[in-house]
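What follows is a single structure, written as structure tokens, with notes after it.
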Amino acid sequence: MRSKIFTFLLLSLVFPHYMFHQPLIFVNGDMKLIQETCKNTKYYDLCVSSLKTNATSTKTDTKGLALIMIGVGMANATATSSYLSSQLLSTAPNDPTMKKVLRECADKYGYAANALQDSVQDLATESYDYAYMHVMGASDYPNACRNAFRRYPGLAYPSELARREDGLKHICDVVLGMIDHLGL
Ligand SMILES: *[C@@H]1O[C@H](CO)[C@@H](O)[C@H](O)[C@H]1NC(C)=O
Ligand SMILES: *[C@@H]1O[C@H](CO)[C@@H](O)[C@H](O)[C@H]1NC(C)=O
């Protein structure tokens with residue numbers, strides 16, 4: 001209720017005519033579901049912007065939104081796995097330690113994508129506990145990669161990888177917030 005009043009006040013500020021010519025403003029009821037759903041998550045802006053890029057998001061329910069966000073996470077993990085594989089190819093042959101760690105990291109991000117894929121199956125069968133567990137797993141795989149770098153004191157953890165780690169974890173956090181509410 002509070003948020004509806006807030007939204008109204010905000011709209012009145014941004015679009016003063018809203019108060020008088022309500023029909024002029026297209027208030028999409030389904031955008032509201034996105035906003036309500038994202039409010040239950042840790043990264044509201046990431047949630048809304050990720051969902052908005054998918055045209056399906058305005059024509060679906062809460063579970064559908066979770067599935068879209070899982071898809072974003074799968075694409076993200078897969079992209080990082082590919083990025084690491086390409087780094088692997090460009091690493092000098094005389095740097096076997098770096099190659100070993102990059103290969104391990106590429107695998108971990110691939111597993112993260114698989115774990116997210118598993119959570120899709122879980123949602124289909126309304127096994128929310130398993131879905132939650134699989135997304136937690138996906139969120140944990142980047143740690144295994146970071147730890148692989150830590151095992152070799154000579155290897156610095158690349159800042160690009162730290163950025164990607166945060167990116168995937170934030171997406172997973174958003175998905176977890178959504179699943180939390182689905183399971184209620
Ligand atoms: C939108 O989400 C649906 C459901 O998860 C997915 O199948 C589709 O590939 C997504 N579209 C884009 C453009 O990402
Ligand atoms: C994945 O995360 C990285 C790091 O935040 C970001 O730069 C990239 O745009 C994301 N990719 C997708 C497909 O969301």
Side-chain angles (χ1 to χ4, degrees), residues 3-4 7 10-11 25-89 102 105-146 158-184:
S3 73
K4 280 189 185 126
T7 305
L10 198 64
L11 281 169
I25 297 295
F26 177 60
V27 180
N28 191 332
D30 302 298
M31 191 56 214
K32 218 148 117 196
L33 180 65
I34 293 178
Q35 289 165 344
E36 291 298 322
T37 303
C38 290
K39 247 188 264 163
N40 299 324
T41 72
K42 208 166 146 188
Y43 301 102
Y44 179 84
D45 292 343
L46 172 69
C47 178
V48 171
S49 66
S50 301
L51 291 177
K52 273 204 309 204
T53 60
N54 191 311
T56 315
S57 68
T58 51
K59 318 177 198 67
T60 190
D61 56 6
T62 313
K63 194 203 271 190
L65 294 181
L67 288 171
I68 292 170
M69 201 65 203
I70 291 170
V72 170
M74 278 167 37
N76 201 272
T78 304
T80 297
S81 183
S82 305
Y83 164 79
L84 287 162
S85 298
S86 72
Q87 293 294 106
L88 180 60
L89 287 175
L102 286 173
C105 283
D107 286 347
K108 299 300 180 198
Y109 277 85
Y111 299 152
N114 292 343
L116 288 168
Q117 178 65 62
D118 288 340
S119 75
V120 171
Q121 312 298 322
D122 299 330
L123 286 190
T125 57
E126 298 186 357
S127 311
Y128 298 118
D129 289 351
Y130 282 103
Y132 197 90
M133 192 190 73
H134 279 126
V135 178
M136 290 273 281
S139 169
D140 194 44
Y141 278 117
N143 295 331
C145 167
R146 186 162 24 81
S159 60
E160 171 63 20
L161 208 41
R163 198 180 67 77
R164 286 167 178 270
E165 171 184 343
D166 283 345
L168 178 58
K169 283 182 173 175
H170 291 186
I171 294 170
C172 288
D173 278 338
V174 168
V175 176
L176 290 173
M178 291 174 159
I179 295 176
D180 239 351
H181 267 72
L182 280 172
L184 292 179

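Along the sequence shown, residues carry numbers from 1. As the structure lists them, so they are numbered: ligands from 1, and atoms in each ligand from 1.
Note: D118 CG to S127 OG = 11.5 Å, rounded to the nearest 0.5 Å.
R164 has a carboxylate O that lies under 4.0 Å from a charged side-chain N of E160, or vice versa, which qualifies the two as a salt bridge.
Nearest protein heavy-atom contact of atom 4 (C) of ligand 1 is I68 CG1, 4.0 Å.
Not a single protein heavy atom sits closer than 4.0 Å to atom 7 (O) of ligand 1.
With T37 contributing its side chain and T62 its backbone, the two residues share no donor-acceptor pair below 3.5 Å.
Annotation for ligand 1: atoms under 4.0 Å from non-hydrogen atoms of L67 are 5 (O).
Side chains of Y128 and H181 form no contact here, defined as non-hydrogen atoms less than 4.5 Å apart.
Considering backbone and side-chain atoms alike, N54 places an N or O below 3.5 Å from some N or O of ligand 1.
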